[in-house]
Amino acid sequence: MSPSIDSPAEFYKPEEDVFCDDGREDQLLNFITNHPQLPQIRNSPEAVLAAIDEFGRTRDFLMNVGPHKGKVITDIIATDQPSTILEIGGYIGYSAIMFGHALRKASTATGRHPRFLSLEMNPKFAAVSKALVSIAGLDDIVEIRVGPCRASLHSLAKGGKHSGSSEQQQPWDMLFLDHSKISYLNDLKLCEELGLVAPGSTVIADDMKRPGNPWYSEYVRASPGKKSEDCLPFKGCLSDGGISLGNPGLVYETMLVEGLEPTGLMDAVEVSKCVGLVEVR
Ligand SMILES: C[S@@+](CC[C@H](N)C(=O)[O-])C[C@H]1O[C@@H](n2cnc3c(N)ncnc32)[C@H](O)[C@@H]1O
């Protein structure tokens with residue numbers, strides 16, 4: 001589907017040069033807390049998502065995954081029935097609410113306690129996200145953690161005080177990458193090194209067509225042999241931990257799945273299932 005000319009009202013306002021952090025996130029929270037339908041919105045994740053979409057369509061663009069690409073992912077959650085999802089890049093909590101809700105529905109079939117952890121570095125965005133997750137009635141499943149993701153990932157792997165000690169944290173059943181596009185590959189590699197992603201994990205990366213992410217795509221599609229060869233010159237180098245080499249032995253089955261941005265433009269997510277670990281040099 002191309003950007004809709006027939007039904008522009010279905011889509012968010014277009015993305016402009018300034019697209020976040022100009023007060024619109026607080027305006028969104030005000031819009032929802034003063035919404036005439038607030039009593040019906042409370043404790044209904046679908047109604048909170050509909051109200052966020054209403055703001056995106058009628059007030060201002062929001063950089064959410066949106067209903068169309070979001071459905072690609074909720075369909076995968078319904079089929080694969082993960083119990084744990086780790087998200088990098090939470091913004092105002094749209095995907096946390098959508099996927100946390102899908103996780104809760106899937107868990108009624110599995111009987112396992114679901115857990116959705118969203119890592120967000122901007123404290124203002126995280127505050128809005130926490131408020132909206134709470135209005136949606138998902139506090140028991142969704143946790144928002146504030147800070148740069150690499151510090152949070154290290155703390156999770158160490159089983160730090162916030163890691164949720166009574167629950168199995170590693171590896172995560174699903175990882176959703178939706179933060180700075182240039183960091184996807186380096187941060188996936190850190191998750192691999194820390195054992196947060198391992199055989200059995202599904203990694204989903206957003207914005208793979210718009211703007212696209214060639215380094216990331218090449219990595220998840222490469223064989224363990226190729227990944228290992230690429231690492232060889234750097235093995236044993238001194239490192240400050242800023243750049244990760246990953247675990248080249250991990251094998252992914254990966255595919256690109258198209259879906260629309262909330263603005264109606266075509267995009268895609270890369271869905272990569274980690275299916276094995278082989279020995280490499
Ligand atoms: C595209 S938005 C996320 C949208 C959200 N997943 C949704 O669909 O509702 C990207 C978010 O990633 C956050 N971010 C960027 N780099 C980050 C990092 N290194 N650690 C944590 N969050 C980061 C930004 O602050 C921003 O809120």
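For this chain, numbers begin at 1 and follow the sequence in order. Keep in mind that the numbers below use all heavy atoms, side chains included, and drop hydrogens, waters and symmetry copies. Order of listing sets the numbers, starting from 1, for every ligand and every atom in it.
Taking each of R150, K124, E120, K69 in turn, the one with a heavy atom nearest to atom 11 (C) of ligand 1 proves to be E120. When the heavy-atom distances from atom 9 (O) of ligand 1 to S129, S95, A151, G93 are ranked, the shortest goes to S95. Looking at M121, E87, M98, H179 and measuring to atom 22 (N) of ligand 1, the nearest heavy atom belongs to M121.
Considering backbone and side-chain N/O of G89, one or more are found under 3.5 Å from N/O of ligand 1. At a 3.5 angstrom cut-off on N or O pairs, N122 does not count as close to ligand 1.
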Pair T74, M98 - check side-chain contact (heavy atoms from CB on, under 4.5 Å), show working.
CA-CA 8 Å; T74 53; M98 189 179 234; 3.8 Å; yes

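Side-chain heavy atoms closer than 4.5 Å link hydrophobic residues (I, L, V, M, F, W, Y) into clusters, and following such links, possibly through other members, connects L194 to L117.
For the atom pair CG (L119) and CD1 (I88), the distance works out to 5.5 Å, reported to the nearest 0.5 Å. Atom CZ of residue F55 and atom CG of residue D60 lie 5.5 Å apart, to the nearest 0.5 angstrom.
Looking from atom 15 (C) of ligand 1 to the surrounding protein, the closest heavy atom is S180 OG, 3.5 Å. Scanning all protein heavy atoms for the shortest distance to atom 1 (C) of ligand 1 gives M63 O, 3.5 Å. Regarding atom 10 (C) of ligand 1, its nearest protein heavy-atom neighbour is D178 O, 3.1 Å. Summary of contacts: the protein heavy atom closest to atom 20 (N) of ligand 1 is C149 N, 2.9 Å.
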